[in-house]
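Step one of this worksheet: look at the structure below.
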Amino acid sequence: MSQEPKEPRLRDTPEDISFEAAVNTIAFHPTQDILAAGDLDGDVFVYAYSCMEAGNKELWSSGHHLKSCRDAAFSCDGQRLFTVSKDKAIHILNVEDGVLLKRISKAHSTAINRLLLIDENLFATGDDNGVLKVWDLRRDIAFLEMKNHDDYISDMLIDKNKKMLLTTSGDGTMGVFNIKRRRFELLSEYQNGDLTSISLMKRGRKVACGSSEGTIYLFNWDGFGATSDRFALRADSIDCMVPITENILCTGSMDGVIRAINILPNRVIGSVGQHPGEPIEQLAKSHNGQLLASCAHDLKVKFWDISSLSSVVVDDYRKRKKNKQLKSLSQKALGGAEDFFADLREETPVDQKEKSQKEESDSDGSESD
């Protein structure tokens with residue numbers, strides 16, 4: 001009697017995806033379980049991912065870029081994939097079959113480092129010389145081109161009204177641009193080290209910037225010139241970050257650790273995961289908010305379960321004891337999940353009411369990690 005084949009095992013997260021070259025950028029599809037990855041050789045891969053054992057499947061790959069693919073993003077409808085490269089080109093690919101729909105060659109005079117989709121027609125690009133361009137797909141031109149940074153543009157975001165575009169740069173400043181009025185507004189004061197990443201927090205009232213020195217700088221939305229607060233992590237650097245909730249973001253560092261950080265009060269919650277000893281290039285949050293993906297110099301894309309972060313709140317009323325050990329937020333994070341809830345509790349309606357009554361500027365300066 002023949003033995004029936006075993007059913008595939010359901011995992012907490014999809015299995016790691018291995019590549020032949022280091023992956024610089026990852027992006028999740030807005031509605032489907034699909035992930036795009038761009039690597040150091042300029043190749044772009046699109047995978048269907050699954051929590052079933054051996055469930056990940058490569059859908060297609062593209063080798064159109066001549067040099068390293070630096071950034072990638074899906075269109076809002078999920079039908080197109082935008083990529084930018086060190087070869088100065090912008091590519092737009094059909095997500096279904098990988099066909100190249102549009103190539104804008106020599107889009108910048110130097111390597112393009114960052115890409116931001118604004119709406120179905122507009123997108124922005126930033127290059128290694130600090131030049132920002134905003135493009136209109138209906139006319140195939142950049143209707144805005146400005147150089148206000150002295151070094152590379154590392155990250156960008158747009159507010160919910162699609163009016164104010166913020167940039168971070170290797171020159172240590174944050175740039176503010178009004179794309180509705182097509183003008184540059186201001187640069188922030190200089191911070192220590194490169195500003196590497198930017199996130200909008202607290203329902204748009206706070207802007208968080210990560211730095212190469214391992215510090216998170218906070219700005220009020222109506223006070224871009226100077227920081228309102230800063231928070232130093234026990235990390236060599238903050239190379240990338242992504243918002244998870246209105247209060248919590250995840251950071252990736254040169255030490256290979258992915259940290260969950262609460263903003264105001266400023267606390268390190270713990271470790272989501274790690275690429276041991278390998279600098280993390282980029283983080284991305286899945287369309288349903290349950291998974292975080294990371295890419296690093298170890299030629300792997302890894303997935304992490306972040307579903308518990310949405311129900312966690314840091315205790316406002318208790319100073320956390322300083323621990324040298326970084327708390328582990330999942331079984332996949334080094335050290336296991338013991339003692340994770342030492343300073344955390346489930347959020348209740350009473351907590352939410354109390355939090356809403358607290359001043360937004362209430363900050364806790366602890367540096368626990």
Side-chain angles (χ1 to χ4, degrees), residues 191 196-203 205-211 213-220 227-253 255-274 280 283 285 289 292 294 304-330 333-348 350-369:
Q191 312 302 331
T196 59
S197 45
I198 188 167
S199 294
L200 202 54
M201 306 298 292
K202 299 286 185 180
R203 294 176 177 81
R205 294 193 293 270
K206 294 284 182 179
V207 177
C209 296
S211 80
E213 302 291 305
T215 298
I216 294 176
Y217 295 97
L218 298 179
F219 296 84
N220 292 323
T227 58
S228 64
D229 201 0
R230 65 188 63 194
F231 178 39
L233 308 186
R234 290 195 185 121
D236 291 338
S237 64
I238 299 169
D239 297 319
C240 53
M241 63 189 189
V242 62
I244 306 302
T245 69
E246 292 296 338
N247 303 312
I248 295 171
L249 54 80
C250 284
T251 64
S253 298
D255 59 10
V257 178
I258 303 164
R259 293 168 172 82
I261 311 293
N262 192 85
I263 299 298
L264 296 175
N266 298 329
R267 309 270 179 84
V268 177
I269 299 173
S271 167
V272 169
Q274 65 287 313
I280 293 172
L283 300 171
K285 185 176 73 167
L292 184 78
S294 58
W304 313 96
D305 181 3
I306 55 169
S307 57
S308 64
L309 289 179
S310 61
S311 61
V312 156
V313 61
V314 171
D315 194 335
D316 286 339
Y317 308 105
R318 220 177 51 174
K319 198 88 167 178
R320 179 174 171 177
K321 292 178 182 177
K322 295 194 176 186
N323 279 328
K324 290 182 180 178
Q325 182 74 33
L326 191 61
K327 302 294 183 185
S328 300
L329 307 191
S330 73
L334 291 179
E338 296 84 10
D339 298 327
F340 163 41
F341 293 99
D343 191 49
L344 309 172
R345 49 189 167 79
E346 293 296 315
E347 189 165 9
T348 65
V350 175
D351 294 330
Q352 292 174 358
K353 185 178 179 182
E354 287 175 349
K355 272 206 323 182
S356 67
Q357 292 170 348
K358 287 184 70 66
E359 287 294 320
E360 217 27 70
S361 61
D362 180 27
S363 169
D364 179 272
S366 70
E367 297 178 11
S368 56
D369 187 316

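Each residue takes its place number in the sequence, starting with 1.
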**Request:** Check the pair Ile248 / Val314 against side chain to side chain contact (heavy atoms under 4.5 Å, CB included), numbers first and verdict last.
**Result:** CA-CA 10 Å; Ile248 295 171; Val314 171; over 6 Å; no
**Asked** What distance do Leu264 atom CG and Asn266 atom CG have between them, rounded to the nearest 0.5 Å?
**Response** 5.0 Å
**Asked** Distance from Ile280 atom CD1 to Ser237 atom OG, nearest 0.5 Å?
**Response** 9.0 Å
**Request:** Working to the nearest 0.5 Å, report the span between OG of Ser211 and OH of Tyr217.
**Result:** 4.5 Å
**Request:** Spell out, as yes or no, whether a donor-acceptor pair under 3.5 Å connects the side chain of Arg259 to the backbone of Arg234.
**Result:** yes
**Message:** If you compare all heavy atoms of Ile258 against all heavy atoms of Cys250, which two are closest, and at what distance to 0.1 Å?
**Reply:** CG2-CB, 4.2 Å
**Interatomic spacing from CG in Leu249 to CD1 in Ile269 - rounded to 0.5 Å** = 9.0 Å
**Item:** Sub-4.5 Å side-chain heavy-atom contact between Met241 and Ser199
**Value:** yes
**Prompt:** Heavy atoms, side chains only, cut-off 4.5 Å: are Val207 and Leu218 in contact?
**Reply:** no
**Item:** Exercise: identify the closest heavy-atom pair between Val272 and Ala260
**Value:** CG2-CB, 4.0 Å
**Prompt:** So do Ile263 and Asn247 actually touch side chain to side chain, heavy atoms under 4.5 Å?
**Reply:** no
**Prompt:** Side chains of Leu309 and Leu329: closer than 4.5 Å at any heavy-atom pair?
**Reply:** yes
**Asked** Which pair of non-hydrogen atoms, one from Ser310 and one from Thr245, has the smallest distance, and what is that distance?
**Response** CA-CG2, 3.9 Å
**Item:** From NZ (Lys206) to CD (Glu246), nearest 0.5 Å
**Value:** 13.5 Å
**Item:** Interatomic distance, Arg205 atom CZ to Ser228 atom OG [nearest 0.5 angstrom]
**Value:** 12.5 Å
**Message:** Going by side-chain contact (heavy atoms from CB on, under 4.5 Å), Thr251 matches just one of Asp239, Ile261, Leu283. Which one?
**Reply:** Ile261
**Closest approach of Met201 to Ala208 (non-hydrogen atoms, all atoms of both residues)** = CG-CB, 4.2 Å
**Request:** Return the minimal non-hydrogen interatomic distance between Gly210 and Ile238, and the atom names on each side.
**Result:** CA-CG2, 4.0 Å
